[in-house]
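Just so you know, ligand 1 is whichever comes first in the structure, and atom 1 is the first atom listed for that ligand.
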Amino acid sequence: MSFGDTSAFQDGITTSSLNVKDRITVIGSGNWGSVAARLIAINTRTSPLFHDEVRIWVFEEILPSGEKLTNAINKYKENKKYLPGVNLGPNVVADPDIRSAVKDATMLVFVTPHQFIEGICKDLKGKIKPSVKGISLIKGMEVKESGVTLISNKIRKSLGIECSVLMGANIANEIAEEMFSEATVGYKGNKTIAQKWVQLFSTPYFSVTAVPDVEGVEICGTLKNVVAIAAGLVDGLGMGSNTKAAIMRIGLKEMRYLARLLFPTVNDTTFFESCGVADLITTCLGGRNRKVAEAFARNGGKLSFDELEAKMLNGQKLQGVSTARELSLLLNSKGWEDSFPLFTTVHAIATGKVPPTAIVEYSEHVPDELPPKSRKIYLSLQSGL
Ligand SMILES: NC(=O)c1ccc[n+]([C@@H]2O[C@H](COP(=O)([O-])OP(=O)(O)OC[C@H]3O[C@@H](n4cnc5c(N)ncnc54)[C@H](O)[C@@H]3O)[C@@H](O)[C@H]2O)c1
Ligand SMILES: O=P(O)(O)OC[C@H](O)CO
């Protein structure tokens, strides 16, 4: 049975075989969170596997109209701030209280900017039954002195629940407009729950496939945001398609190399799923990281990424700049900087240590093994750092 073929699931998972209907809560109501809730709500309205209602936890804020975002979502069935003009579905119910939002949920969908997951896990610790299943749509990671923690692993460890991931070439606004897209579920061990996630998300225009490589899927989604910053910089510098293609190729190579250093079990074939090369392409062509990086380069770095994010994204958050910072901590602590010139240069540019033009001023070489520390890889940072 093909995992992407949802019709076949009627044989695998039925209400009679499980005998319970799952209740879904989406944790996060930004741009992608709202679209994810909309996709899920389409399926819960029709599938006997799920309760009709989809709860969505909202980080409360006041709209320019003076209304609370939560009240506005419940009244208009629309997220006027993060997904204006799109009906979320009659069965989407917003709740600003995270503990009440997850009460009775059996399946939790985590979809917030990655910097907020620590606080969310603290709020939920001890409140979630171990039988609850989680899935993370969050593209990011946590780097501390103790090492790298992927967000799904943080959720697993903090809340003591199973956690899959869903990543892919998924610019949320396009999926809201029902343009055909693909996504990849990454799972560990439990195939049955992966099938259920596929069923929860799949629609005729959203084709989901599952692979047993949770780290591979998640690290692709996380690292491509840094490559998208590099792609936006070359756009802002007025360079052409060849340059951008070169950036994407080098970025993909660094993604693969780092993925294998951190998680040796990562499967090469994962890079050919939607979460890999397809997400890299769409983000470098049409994503927010690309867009803000282009503006950064056009301004010659005079406005910071934080300033541009606030000015251009109306509350939406970039993940690429913080991921570049986290990568820099990691690469520095491991002595791996020379092997990742693109990742390293993006961080140096974002922090103003070198100008945006530095993105094309290195000679690329990514060896198969860790290189000797003395190897000089790129030109710009020899003088810049
Ligand atoms: N937007 C996309 O096209 C897209 C597609 C695929 C994956 N993703 C990933 O999904 C994740 C969520 O992205 P998004 O687009 O839904 O969000 P977003 O960029 O629209 O972020 C804004 C969200 O952050 C919330 N927020 C602000 N301050 C907060 C706080 N202190 N605590 C908790 N929440 C707070 C806001 O209320 C809002 O819901 C990210 O990891 C992103 O990379 C996004
Ligand atoms: O808009 P971005 O750059 O955050 O990218 C959005 C998605 O991750 C694309 O799959």
Side-chain angles (χ1 to χ4, degrees), residues 26-39 56-63 68-70 72-73 79-84 86 94 96 98 101 109-124 135-142 150-152 154-155 165-177 179 181-184 201 206 217-218 220-232 273-294 305 309-310 312-324:
V26 176
I27 299 176
S29 56
N31 186 236
W32 183 215
S34 302
V35 176
R38 183 179 190 273
L39 280 173
I56 180 166
W57 171 67
V58 173
F59 180 76
E60 192 63 285
E61 58 189 293
I62 307 295
L63 296 172
K68 286 184 175 166
L69 179 58
T70 308
I73 292 175
N79 186 335
K80 287 183 178 290
K81 176 154 183 188
Y82 295 102
L83 191 65
V86 178
I98 195 162
V109 178
F110 293 86
V111 53
T112 64
H114 77 281
Q115 57 269 40
F116 304 129
I117 195 66
E118 177 142 20
I120 288 167
C121 285
K122 270 187 193 147
D123 281 347
L124 293 180
I135 194 164
S136 172
L137 277 51
I138 300 171
K139 292 174 177 174
M141 62 186 180
E142 188 182 83
L150 292 175
I151 301 302
S152 66
K154 186 162 183 72
I155 293 168
V165 298
L166 181 143
M167 310 273 146
N170 297 152
I171 292 188
N173 291 335
E174 295 182 14
I175 299 163
E177 288 184 42
M179 295 177 188
S181 306
E182 298 179 309
T184 315
F201 281 95
F206 194 66
V217 174
E218 192 167 1
C220 280
T222 299
L223 297 178
K224 65 83 190 172
N225 282 331
V226 182
V227 186
I229 298 278
E273 300 292 341
S274 180
C275 63
V277 69
D279 195 10
L280 178 73
I281 292 169
T282 201
T283 314
C284 289
L285 297 182
R288 298 166 299 184
N289 286 286
R290 187 219 67 82
K291 181 174 157 185
V292 175
E294 179 185 31
F305 272 96
E309 179 189 75
M312 298 173 69
L313 295 187
N314 189 31
Q316 294 184 37
K317 302 285 179 199
L318 291 181
Q319 306 286 268
V321 174
S322 45
T323 302

For Phe206 and Phe201, take the angle between the two ring planes, folded into 0 to 90°, and tell me which bin it lands in: parallel under 30, tilted 30 to 60, perpendicular over 60.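 Plane angle between 30° and 60°, so tilted.
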Ligand 2 contact on [X] by region, counting heavy-atom pairs under 4.0 Å:
| X | result |
| --- | --- |
| Lys224 | side chain |
| Lys139 | side chain |
| Asn289 | both |

In the protein, what heavy atom is nearest to [atom], and what distance, to one decimal place, separates them?
| atom | result |
| --- | --- |
| atom 21 (O) of ligand 1 | Pro113 CG, 3.3 Å |
| atom 1 (O) of ligand 2 | Arg288 N, 2.7 Å |
| atom 9 (C) of ligand 1 | Leu137 O, 3.6 Å |
| atom 43 (O) of ligand 1 | Gln319 CG, 3.3 Å |
| atom 26 (N) of ligand 1 | Phe116 CE1, 3.5 Å |
| atom 9 (C) of ligand 2 | Asp279 OD1, 3.3 Å |
| atom 39 (O) of ligand 1 | Gly30 N, 3.0 Å |
| atom 20 (O) of ligand 1 | Asn31 N, 2.9 Å |
| atom 8 (N) of ligand 1 | Trp32 CD1, 3.3 Å |
| atom 5 (C) of ligand 1 | Asn170 O, 2.8 Å |

Closer than 4.0 Å to some heavy atom of [X] - which atoms of ligand 1 meet that?
| X | result |
| --- | --- |
| Tyr82 | 20 (O), 22 (C), 36 (C), 37 (O), 38 (C) |
| Gly33 | 16 (O) |
| Ile171 | 3 (O) |
| Ile138 | 41 (O) |
| Gly315 | 22 (C) |

Please report the closest heavy-atom contact between [X] and [Y], naming both atoms and the distance.
| X | Y | value |
| --- | --- | --- |
| Ile73 | Ala94 | CG2-CB, 3.8 Å |
| Pro96 | Trp57 | O-NE1, 3.1 Å |
| Ile151 | Met141 | CD1-CA, 4.0 Å |
| Gly221 | Asp279 | CA-OD2, 4.1 Å |

Does ligand 2 have any atom that is closer than 4.0 Å to a heavy atom of Gly168? yes
Looking only at distances, can you tell me whether any N or O atom of Asn170, backbone or side chain, sits closer than 3.5 Å to an N or O atom of ligand 2? yes
For ligand 1, indicate whether the residue Thr112 contacts it via side chain, backbone, both or neither (heavy-atom separation under 4.0 Å). backbone
Does only the side chain of Lys139 get under 4.0 Å from ligand 1, or the backbone, or both, or neither? Count heavy atoms.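 Under 4.0 Å from ligand 1, Lys139 contributes backbone and side-chain atoms.
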Compute the minimum heavy-atom distance from [X] to ligand 1 and say whether it is under 4.0 Å.
| X | result |
| --- | --- |
| Gly28 | no |
| Arg288 | yes |
| Glu61 | yes |

For residues 168-177, which residue pairs pass the salt bridge (Lys or Arg N to Asp or Glu O under 4.0 Å) check, not counting sequence neighbours?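 Of all non-adjacent pairs touching residues 168-177, none passes salt bridge (Lys or Arg N to Asp or Glu O under 4.0 Å).
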By the definition side chain to side chain contact (heavy atoms under 4.5 Å, CB included), identify the one residue from Thr112, Leu166, Val165 that meets it with Ile138.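 With Ile138 as partner, side chain to side chain contact (heavy atoms under 4.5 Å, CB included) holds for just one option, Thr112.
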Does any N/O atom on [X] come nearer than 3.5 Å to any N/O atom on ligand 1?
| X | value |
| --- | --- |
| Ala172 | yes |
| Asn225 | no |
| Trp57 | no |

May I have the step-by-step check of side chain to side chain contact (heavy atoms under 4.5 Å, CB included) for Lys68 and Leu63, ending in yes or no? CA-CA 6 Å; Lys68 286 184 175 166; Leu63 296 172; over 6 Å; no
Check whether any side-chain heavy atom of Leu69 sits under 4.5 Å from a side-chain heavy atom of Glu60, and report yes or no.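 Leu69 vs Glu60: side chains touch.
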